[in-house]
Student: 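Got a structure for you, questions after.
Excluded from the calculations below are hydrogen atoms, water molecules and symmetry mates; all remaining heavy atoms, backbone and side chain alike, are included. These numbers come from a predicted model, not from an experiment.
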Amino acid sequence: MDTIDPALLKAFVLTSRTGSFTKAAESLFRSQSAVSLQIRKLEDILGERLLRRSARNVVLTPAGTRFLDYAQRILELNNEALSAFRAHEVTGLVRLGTPEDIATTYLPRALADYAEAHPGASLEVTCDLTLNLLEKFRAGLLDVVLLKREPAAAIGGQRVWSEPLLWVSANPSLLMPGEAMPLAVSPEPCVYRKRAVEALRKEGFEPRAAYVCGSLAGTLAAVRAGLGVAVLPSHMAPDDLLTDNGAKMPPLENTEILLATASDAGLAARRLADVLEAAFEEEANRDLEKALGR
């Protein structure tokens, strides 16, 4: 009986999720040709074509759509089995660093699952701006970090999330670029703040920081009060606010979240990294299912 290498399944799921062999290869730290070869090998095992190249991206075939659920379930069961039999080994303190908006949006359930699966481990979570977290990580003060990446930054780590950045405002008149445009931003150094300023300056405008706050809740309160425009990932843009993705405002590069683990990290830290990776993958799978109309 043929068996399926989990590495093939992971390549298939990531390619399905991103719609691109190139993006899947980046996440897996492999070449595009290697990922294409893995998909071809999986198709040979199944005797079905799973993916088809369109004009712009890679799309699932009907067989690929059917198999995606199996692939995800096999990978989830694999992770569950490893966690169940290794849980007794996981002890010690894990120092996690994450931006505050990521911590409040994506992590509560994942951290609760980790604490339940590994009661012998303890978590110390530091919320800070990405560049500050990167300094602490490089100084050996953090074991696992989630970082927002600039488009061309060479931070290292594994990309676990990507989504559009949007301009967000309560006032439609503010969603028009102009001189001294008021921004609601986090303190420097902030990736989103830098993106907003650079995008406006590229169009010849000089923005101003009208409201500076280190918390997502504070920033949204300022935006709702009409004090300024913010830049946020699409998942964090509330339904009651107006958004612009480059129609009137300058276009913004997608935001990316990287997961990095210290080279000398212990088992507890590596298990946390596994849980976080799975959590973001599950979130991406939900988005994919919505896109497929399930």
Student: Just by distance, do the side chain of Arg201 and the backbone of Glu206 share a donor-acceptor pair under 3.5 Å?
Tutor: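 Not a single qualifying donor-acceptor pair exists.
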Student: Taking all heavy atoms of Pro108 and all of Ala103, pick out the closest pair and write down the distance.
Tutor: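 Taking every non-hydrogen atom into account, CD-O, 3.2 Å.
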Student: Is a donor on one side and an acceptor on the other found under 3.5 Å between the side chain of Thr219 and the backbone of Ala184?
Tutor: no
Student: Tell me if a side-chain donor or acceptor on Thr104 pairs with a main-chain N or O of Asp101 at a distance below 3.5 Å.
Tutor: yes
Student: Are Leu68 and Val13 side-chain neighbours, meaning at least one heavy-atom pair lies under 4.5 Å?
Tutor: yes
Student: Over all heavy atoms of both residues, which pair between Pro207 and Leu183 is shortest? Give the atoms and the distance, please.
Tutor: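 Residues Pro207 and Leu183, closest heavy atoms: CB-CD1, 3.7 Å.
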Student: Indicate the ring-plane relationship of Trp161 and Tyr106, choosing parallel, tilted or perpendicular according to the 30° and 60° boundaries.
Tutor: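 Trp161 and Tyr106: tilted rings.
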Student: Using side-chain heavy atoms (C-beta onward) and a distance below 4.5 Å, is Leu241 in contact with Ser169?
Tutor: no
Student: Enter the distance from Leu8:CG to Leu50:CG here, rounded to the nearest 0.5 Å.
Tutor: 10.5 Å
Student: Determine yes or no for a side-chain-to-main-chain donor-acceptor pair under 3.5 angstrom, with Arg193 supplying the side chain and Ser186 the backbone.
Tutor: yes
Student: Counting C-beta onward and ignoring hydrogens, is there a side-chain heavy-atom pair between Val231 and Leu166 closer than 4.5 Å?
Tutor: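 Sidechains of Leu166 and Val231: no contact.
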Student: If hydrophobic clusters are built by linking Ile, Leu, Val, Met, Phe, Trp and Tyr wherever their side-chain heavy atoms come under 4.5 Å apart, do Val197 and Leu175 end up in the same one?
Tutor: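 Yes, same cluster.
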Student: List the atom of Gly64, the atom of Phe12, and the distance in Å for their closest heavy-atom pair.
Tutor: O-CZ, 3.5 Å
Student: Using modelled atom types only, decide if a donor and an acceptor are shared between the side chain of Asp244 and the backbone of Lys248 within a distance under 3.5 Å.
Tutor: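 Flag set: sc Asp244 to bb Lys248 pair under 3.5 Å.
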Student: When clusters are formed by joining ILVMFWY residues with side-chain heavy atoms under 4.5 Å apart, either directly or through shared neighbours, do Leu232 and Tyr211 land in the same one?
Tutor: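 As far as the 4.5 Å side-chain criterion goes, Tyr211 and Leu232 are not connected within one cluster.
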Student: If you compare all heavy atoms of Asn171 against all heavy atoms of Ser173, which two are closest, and at what distance to 0.1 Å?
Tutor: OD1-OG, 2.7 Å
Student: Go through the steps for Leu133 and Leu147 under the test side-chain contact (heavy atoms from CB on, under 4.5 Å), then give the verdict.
Tutor: CA-CA 8 Å; Leu133 293 171; Leu147 304 167; 3.9 Å; yes
Student: First locate atom CG of Leu200, then atom CD of Glu198, and finally report the distance between them rounded to the nearest 0.5 Å.
Tutor: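 The CD atom of Glu198 is 10.5 Å from CG of Leu200, to the nearest 0.5 Å.
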Student: If hydrophobic clusters are built by linking Ile, Leu, Val, Met, Phe, Trp and Tyr wherever their side-chain heavy atoms come under 4.5 Å apart, do Tyr70 and Leu42 end up in the same one?
Tutor: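 Yes; tracing contacts between hydrophobic side chains, which count when under 4.5 Å, links both residues.
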Student: Sub-3.5 Å donor-acceptor pair from the side chain of Arg195 to the main-chain atoms of Glu253, do we have one?
Tutor: yes
Student: Drop me the distance from Thr98's OG1 to Leu96's CG, to the nearest 0.5 angstrom.
Tutor: 6.0 Å
Student: Please answer: with hydrophobic residues joined when any side-chain heavy atoms are less than 4.5 Å apart, are Ile45 and Ile39 in the same cluster?
Tutor: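 Result: yes, single cluster for both.
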Student: So Thr255 and Val191, do their side chains get closer than 4.5 Å, heavy atoms only?
Tutor: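 Heavy-atom side-chain distance check fails, nothing below 4.5 Å.
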Student: Rounded to the nearest 0.5 Å, how far does CG of Asp143 lie from OG1 of Thr261?
Tutor: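 Thr261 atom OG1 to Asp143 atom CG measures 9.0 Å (nearest 0.5 Å).
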Student: Work out which heavy atom in Val94 is nearest to a heavy atom in Ala269; give both atom names and the distance.
Tutor: CG2-N, 3.7 Å
Student: Measure the shortest side-chain to side-chain distance between Leu165 and Asn254 over non-hydrogen atoms and say whether it is less than 4.5 angstrom.
Tutor: no
Student: With side chains defined as the heavy atoms from C-beta onward, is the minimum distance between Arg95 and Val144 less than 4.5 Å?
Tutor: no
Student: Will you find, in the side chains of Ser31 and Ser33, an N or O donor that is under 3.5 Å from an N or O acceptor?
Tutor: yes
Student: Are the side chains of Leu272 and Val90 in touch, meaning some heavy atoms are under 4.5 Å apart?
Tutor: no
Student: If every non-hydrogen atom of Ile257 is compared with every non-hydrogen atom of Phe280, which pair is closest and at what distance?
Tutor: CD1-CE2, 4.1 Å
Student: Does the pair Asp44/Lys41 count as a salt bridge with the N-to-O cut at 4.0 Å?
Tutor: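 Judged by the 4.0 Å cut-off on N to carboxylate O distance, Asp44 and Lys41 do not form a salt bridge.
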Student: Assess whether side-chain contact (heavy atoms from CB on, under 4.5 Å) is satisfied between Leu259 and Glu277, documenting all intermediate values.
Tutor: CA-CA 8 Å; Leu259 172 66; Glu277 180 183 355; 4.1 Å; yes
Student: Look up atom SG in Cys190 and atom CG in Leu129, then write down how far apart they are to the nearest 0.5 Å.
Tutor: 6.0 Å
Student: With clusters defined by side-chain heavy atoms of hydrophobic residues (ILVMFWY) lying less than 4.5 Å apart, directly or transitively, does Tyr192 cluster with Leu227?
Tutor: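 No, Leu227 and Tyr192 fall in different hydrophobic clusters.
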Student: Indicate yes or no: at least one non-hydrogen side-chain atom of Val160 is less than 4.5 angstrom from one of Glu281.
Tutor: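 Side chain of Val160 against side chain of Glu281, heavy atoms only: no contact under 4.5 Å found.
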Student: What distance do Asn57 atom CG and Arg52 atom CZ have between them, rounded to the nearest 0.5 Å?
Tutor: 12.5 Å
Student: Between Trp167 (side chain) and Leu174 (backbone), is there a donor-acceptor pair under 3.5 Å?
Tutor: no
Student: Would you say Thr130's side chain and Lys148's backbone share a donor-acceptor pair under 3.5 angstrom?
Tutor: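 Side chain of Thr130 to backbone of Lys148: a pair is present.
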Student: Whether the side chain of Glu100 engages the backbone of Leu216 through a donor-acceptor N/O pair (distance < 3.5 Å, no angle test) should be reported.
Tutor: yes
Student: Would Leu258 and Val145 count as a side-chain contact (heavy atoms from CB on, under 4.5 Å) if you check the C-alpha gap in whole Å, the side-chain angles of each, and the deciding distance to 0.1 Å?
Tutor: CA-CA 8 Å; Leu258 298 184; Val145 286; over 6 Å; no
Student: Going by atom types alone, do Ser162 and Glu256 pair a side-chain donor with an acceptor below 3.5 Å?
Tutor: no
Student: Leu9 vs Phe67, test: side-chain contact (heavy atoms from CB on, under 4.5 Å). Steps then yes/no.
Tutor: CA-CA 10 Å; Leu9 298 176; Phe67 184 67; 3.6 Å; yes
